Amino acid sequence: MSELPPRFNFAEVEAKWEKYWEDNQIFHATPNPDKKPYSIVIPPPNVTGILHMGHALNNTLQDIMIRYKRMKGFETCWMAGTDHAGIATQNVVEKQLAKEGKTRQMLGRGKFVERVWDWKDQYGKTIINQLRKIGSSCDWPRTRFTMDPEYNGAVQHVFVELYKKGLIYRGKRIINWCPRCQTALSDEEAEHKETQGNLYHIKYPFRDSPNQFVTVATTRPETILGDSGVAVNPTDERYKNLIGKTLILPLVNREIKIFSDEIVDPTFGTGAVKVTPAHDPNDFEMATRHGLEFINIMNPDGILNEAAGKFTGMDRFKARAAVIEELKNSELLEKIEPHTHAVGQCYRCNTVVEPYLSKQWFVRMKPLAEPALKAVVDGTIKFHPDRWTKVYVNWMENIRDWCISRQIWWGHRIPAWYCSNCYPQARNNVYINRKGGELKENELYIENKFETRNSSINLQDAEPQISITQPICNKCGSDEMIQDEDVLDTWFSSWLWPFATFGWPKDNPDLKFFYPTNSLFTASEIIFFWVARMIMAGYEFTKDEKGNGQAPFKDVYIHGTVRDAKGRKMSKSLGNALDPLEIINEYGADALRFSLIMNSGQDLFISKEKFEGGRNFANKIWNASRLVLLNTKPENKNVAQPPPTDDLASQWIVSKFYITLADVSAAIEKYSFSEAENLVYDFFWKNYCDWYLEISKNKFTDDKIQQTACFILKESLRLIHPFMPFVTEELWQNITASTKSLSLESWPIANNKLINTNAVKQMDTLISLISAIRNVRSQFNLTPQETMECHFSAHDPYGKNLLEKNAETLKSLVKLKDFQIHENLPIIKDAVAGVVESIKFIVPLGGLVDLAKEKEKMQQEIDSAKKSIAGISQRLGNEAFTSKAPAEVIEKEQATLLQRKTRIDELQEILKNLN
RNA sequence: GGACCCGUAGCUCAGUUGGUUAGAGCGCUUCCUUGACAUGGAAGAGGUCACAAGUUCGAGUCUUGUCGGGUCCACCA
């Protein structure tokens, strides 16, 4: 045991315990038949990640829960790990390569992937180390990565199983294509943002009467080059007799027909829609129904191809301008209207996504969604706060198939194989430049710096074979099988996280003990990407002994977004991001945690100053502990129970502690973390420091006071520990001289016998009384040399007694020479006689009040109480009400009635006294 | 177009099933430093609970509408 330094050096303390916890691996959990499991899986941060405020909040919440449960005696496992984050990570490494003047194509696939692994090995630990800095008590030895070999096995297994069940298929669809990342994206990965654009009205002339037109409206005029029809609603009178007529497509001079389709909204634009089957999902559907031609006018990089005629080689946005210019010149542009609409953007690079026709792998979601939807509807899985349930249900009910193939290199390779004997193009499928010429592997077309390898284009007519290991062709027996070039969506591995991290699909003790997990903590943006899919995966892949699918967790806690003081999302590009590590350096990790949780009711508006609150509280705990430690004899430090005592304040603080304990536990159990923290804060600062320690300071020589103060301090440290693990651990070790970490100590055990309601009532009254006296003292600037006269009315059962009993302590608390106590009216006319003359005040509990006003208020209260009584009596006399209402409602009404009556008597008594 | 959330003190937010005097933190005003803590202590000012109507003896709380702010979903060509 060392003496506490006068100043809380959080940097030193945090470093010390971070190391101690790590060296002793005290958060490592193993299956333990004597304990109940409690497990949480971390939302695995991106390996490219560095800690931001969102992580800090997310992990603090999990840490509070897991530390609480650990202290409650559960075998707690908080699974740690990182996500390979396919596109994001590939982009980061590509950027790094670009600085060296290289592209991934220059390296070739094998070398590039090696390079990403190197990068991962070098930087992937950063975020893990940063999580330790904020005190996360993860099961670090278990730390997993979504591309670990075993994890890869689980992913491959899942793909094959779903394929066998017919839940994975390959199909040619319009998908979201990012021309910059040059990969397909899922619907969720295309973020729709309101964008100010234009609606271009373009005239399409009739073949047989070139001076007459049908006008169509479009936001993407460049797609005109791929048009193969014009659609109208069958009921639209304007166009009814034009159906079947032939138009000449401007700029291209292709003959296209007008046809009708229900999908067309006659109220939008002109009611006539240009149909571009290869570049719009609706048009694709219509074209399929009506047998239209699919004309792809664009290369995967967003540059127009040969089908674009004279616009070939132009970027899509340049082409848009050129097309408009050309249409203007030929007087086919009727008008341009400003138009705001939601435009999809790549969630990794914000490039506008292109609806693009290509062959991709999809997961059929409806069958998977069914049990996952049911689980949330019937309450097996609960969202906190509850309102997210609706968001989830709405998405699940309208779920669409999931595009899972990505045309990138970093990720889980798709276990699909093509026979290069049957499909010779498989051998040479690697690079195709935009001019259509083939390049051999590692050959480059440097001049224009883009070369596209795309098996989804090159092998779109080939039949794959699905197998984890390289198969033999089931048609020709050849062993020259070439694996699909594509990798899987990163979320196709994340959705297995709750069980793949425990070794699934191998049956093993860890999985059996820790799965299903208990709670999941994440942000609302992730509900569709991850939460929903984990629930589906859980039900599909993990079954209990009876063969029923299992929910991967029971509770989902959705926390708010961390924003700056102005309410903007924190982001690097805005430059408004507060770095948690800077906050830790300046205020300490405990302060960071505490202040984040304090503000975590909904979205958080964070500025640097907010962390002062946390720092101040840590400081307060430190100093209160110093006071107690400096004044407590060693033998009084480790009592197991607070000593029986007549001391009112001691009885009170012990009672308050156990009341707080129950409230805090309940708040954590219902995921009300800021409420729990507030309770702890109020108890420790207001009750323990401001009142108990202040009152007890002068009698600290008393053994029982020492024992009580020290006991409550220690129990408080347990209570605060999940919120502020570092400062509490340090103080705990100093007080107890223990060798056991506070993290492994038990949560305070409820002891309702020690809750003395009478003491609580008396002390609370005394506190109000003192506040009232201080109020008077302050109003009249009484000096410590003066004496105050206090008068009490006869119906106050506590005041006089309490004041007499505690006079000595109180004199010092309110800094007055003395009190003269009289049992009299609650009028201060004479109460501060000698100091203030003839002022009519009363000092009811709560402070100085104007007598006349007070009387008026009391009269008003009496009046309203009388009305209330009349109303309730009337209702209780009404049979229609009493026969229908449940017994407890009637009881409640009667209780209220009684309460009102008593209150009226009370008020009338006081008024009588005052007059 | 559909769904959801929010509007309470200068600011950020609590406010449980409707019920005596609507709370906290920060900020503000006044006072207080011979040792646990000025990262502190004491006292105080500050609210027509967005607006309107309704249900009720009684509404910050329930219902409807209006205005204002935000979020999510959607095949607005």
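Here is how names work: the chains are called A, B, and so on, in the same order as the sequence lines, proteins then strands, and each is numbered from 1. Everything numeric in this text was worked out from a predicted model, so none of it was measured.
Between A:Phe383 atom CZ and B:C5 atom C1' there is a gap of 16 Å when expressed in whole angstrom units. At whole-Å resolution of the value, CG in A:Asp236 and P in B:A77 are 18 Å apart. Distance, A:Asp280 CG to B:A74 P: 15 Å, rounded to whole Å. Straight-line distance from the CD1 atom of A:Ile862 to the P atom of B:U21: 12 Å, rounded to whole Å. As a whole-Å value, the separation of A:Lys901 NZ from B:U20 C1' is 17 Å. In this structure, A:Phe10 places its CZ atom 14 Å from P of B:U39, rounding to the nearest Å. In this structure, A:Tyr688 atom OH and B:C37 atom P are separated by 16 Å, rounded to whole Å.
A donor-acceptor contact under 3.5 angstrom links the side chains of A:Asp386 and A:Thr389, judged on distance only. For the residue pair A:Gln196 and A:Thr340, no side-chain donor N or O sits within less than 3.5 Å of a side-chain acceptor on the partner.
Comparing B:U20 with B:U64, their P atoms sit 25 Å apart, to the nearest whole Å. Comparing B:A43 with B:C72, their C1' atoms sit 48 Å apart, to the nearest whole Å. Spacing between B:U71 and B:G18 at atom C1', rounded to whole Å, works out to 30 Å. Straight-line distance between the P atoms of B:A77 and B:G65: roughly 30 Å, to the nearest whole Å. To the nearest whole angstrom, the two P atoms, one in B:U61 and one in B:C49, are 9 Å apart. If you take atom P in B:A45 and the same atom in B:C5, they sit 37 Å apart, rounded to whole Å. Nucleotides B:A24 and B:C62 have their P atoms positioned 23 Å apart, rounded to a whole Å. Comparing B:G10 with B:U29, their C1' atoms are spaced 14 Å from each other, to the whole Å.
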Test A:Tyr671 against A:His559 for ring pair (Phe, Tyr, Trp, His ring centres under 6.0 Å), laying out the working first. CA-CA 10 Å; A:Tyr671 297 87; A:His559 60 248; over 10 Å; no
Does the pair A:Tyr681 and A:Met598 meet the rule for a side-chain contact (heavy atoms from CB on, under 4.5 Å), with working shown? CA-CA 10 Å; A:Tyr681 176 87; A:Met598 201 61 145; 4.1 Å; yes
How far apart are the C-alpha atoms of A:Asp682 and A:Asn678, what are their side-chain angles, what is the distance that settles it, and do they pass the side-chain hydrogen bond (donor to acceptor under 3.5 Å, both in side chains) test? CA-CA 6 Å; A:Asp682 266 7; A:Asn678 255 306; over 6 Å; no
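Pair assignment for B:U17 gives none, since no Watson-Crick or G-U wobble pairing has each distance under 3.5 Å. For B:G25, the paired nucleotide is B:C11, the pair qualifying as Watson-Crick or G-U wobble because both relevant distances are below 3.5 Å. For B:A52, the paired base is B:U64 (Watson-Crick or G-U wobble, both distances below 3.5 Å). Nucleotide B:A3 forms a pair with B:U71, judged by Watson-Crick or G-U wobble geometry with both contacts under 3.5 Å. For B:A38, there is no paired nucleotide, since no Watson-Crick or G-U wobble pair has both relevant distances below 3.5 Å.
Scanning atom types as modelled, one donor and one acceptor separated by under 3.5 angstrom connect the side chain of A:Arg7 and the base of B:U39. A donor-acceptor contact under 3.5 Å is not formed by the side chain of A:Ser868 with the base of B:G58. One can find a donor-acceptor pair under 3.5 Å joining the base of B:C37 and the side-chain atoms of A:Lys620.
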Output one letter per nucleotide in nucleotides 24-35 of chain B: B when a protein non-hydrogen atom lies under 4.0 Å from the base, S when only the sugar-phosphate is that close, - when neither is. SS----------
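The closest donor-acceptor contact from the side chain of A:Asn198 to the backbone of A:Tyr200 lies at 3.5 Å or more, if one exists at all.
Nearer the 5' end of RNA chain B, as judged by each residue's closest nucleotide, is the contact made by A:Val628, out of A:Val628 and A:Gln874. Between A:Val391 and A:Ile263, the one whose closest nucleotide on RNA chain B sits nearer the 5' end is A:Val391.
A:Asp265 comes within contact range of at least one nucleobase, with a heavy-atom separation under 4.0 Å. Looking at heavy-atom distances under 4.0 Å, A:Trp685 makes contact with sugar-phosphate atoms alone, never a base. The residue A:Phe617 sits apart from the nucleic acid: no heavy atom pair falls under 4.0 Å. Residue A:Phe605 is classed as a sugar-phosphate contact, given heavy-atom separations below 4.0 Å to backbone atoms only. Among the protein residues, A:Glu525 comes within range of no part of the nucleic acid, since none of its heavy atoms lies under 4.0 Å from any strand. The residue A:Glu191 sits apart from the nucleic acid: no heavy atom pair falls under 4.0 Å.
Aromatic pair A:Phe284/A:Tyr356: centroids not less than 6.0 angstrom apart.
Ring orientation note: the planes of A:Tyr688 and A:Phe683 are close to parallel, at an angle under 30° on the 30°/60° scale.
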Would you list the atom pairs, donor with acceptor, under 3.5 Å between side chains in residues 221-232 of chain A and any protein atom, with sequence neighbours excluded?
{"from": "A:Glu222", "atom 1": "OE1", "to": "A:Arg320", "atom 2": "NE", "distance (Å)": "2.8"}
{"from": "A:Glu222", "atom 1": "OE2", "to": "A:Arg320", "atom 2": "NH2", "distance (Å)": "2.9"}
{"from": "A:Thr223", "atom 1": "OG1", "to": "A:Arg220", "atom 2": "O", "distance (Å)": "2.7"}
{"from": "A:Thr223", "atom 1": "OG1", "to": "A:Lys274", "atom 2": "NZ", "distance (Å)": "2.6"}
{"from": "A:Asp227", "atom 1": "OD1", "to": "A:Lys274", "atom 2": "NZ", "distance (Å)": "2.9"}
{"from": "A:Asp227", "atom 1": "OD1", "to": "A:Thr276", "atom 2": "OG1", "distance (Å)": "2.7"}
{"from": "A:Asp227", "atom 1": "OD2", "to": "A:Tyr204", "atom 2": "OH", "distance (Å)": "2.6"}
{"from": "A:Ser228", "atom 1": "OG", "to": "A:Glu293", "atom 2": "O", "distance (Å)": "2.8"}

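For the salt bridge (charged side-chain N to carboxylate O under 4.0 Å, His left out) condition, the pairs that include at least one residue of residues 185-196 of chain A, sequence neighbours left out, are A:Asp187-A:Arg400, A:Glu188-A:Arg533, A:Glu189-A:Arg406, A:Glu191-A:Lys193.
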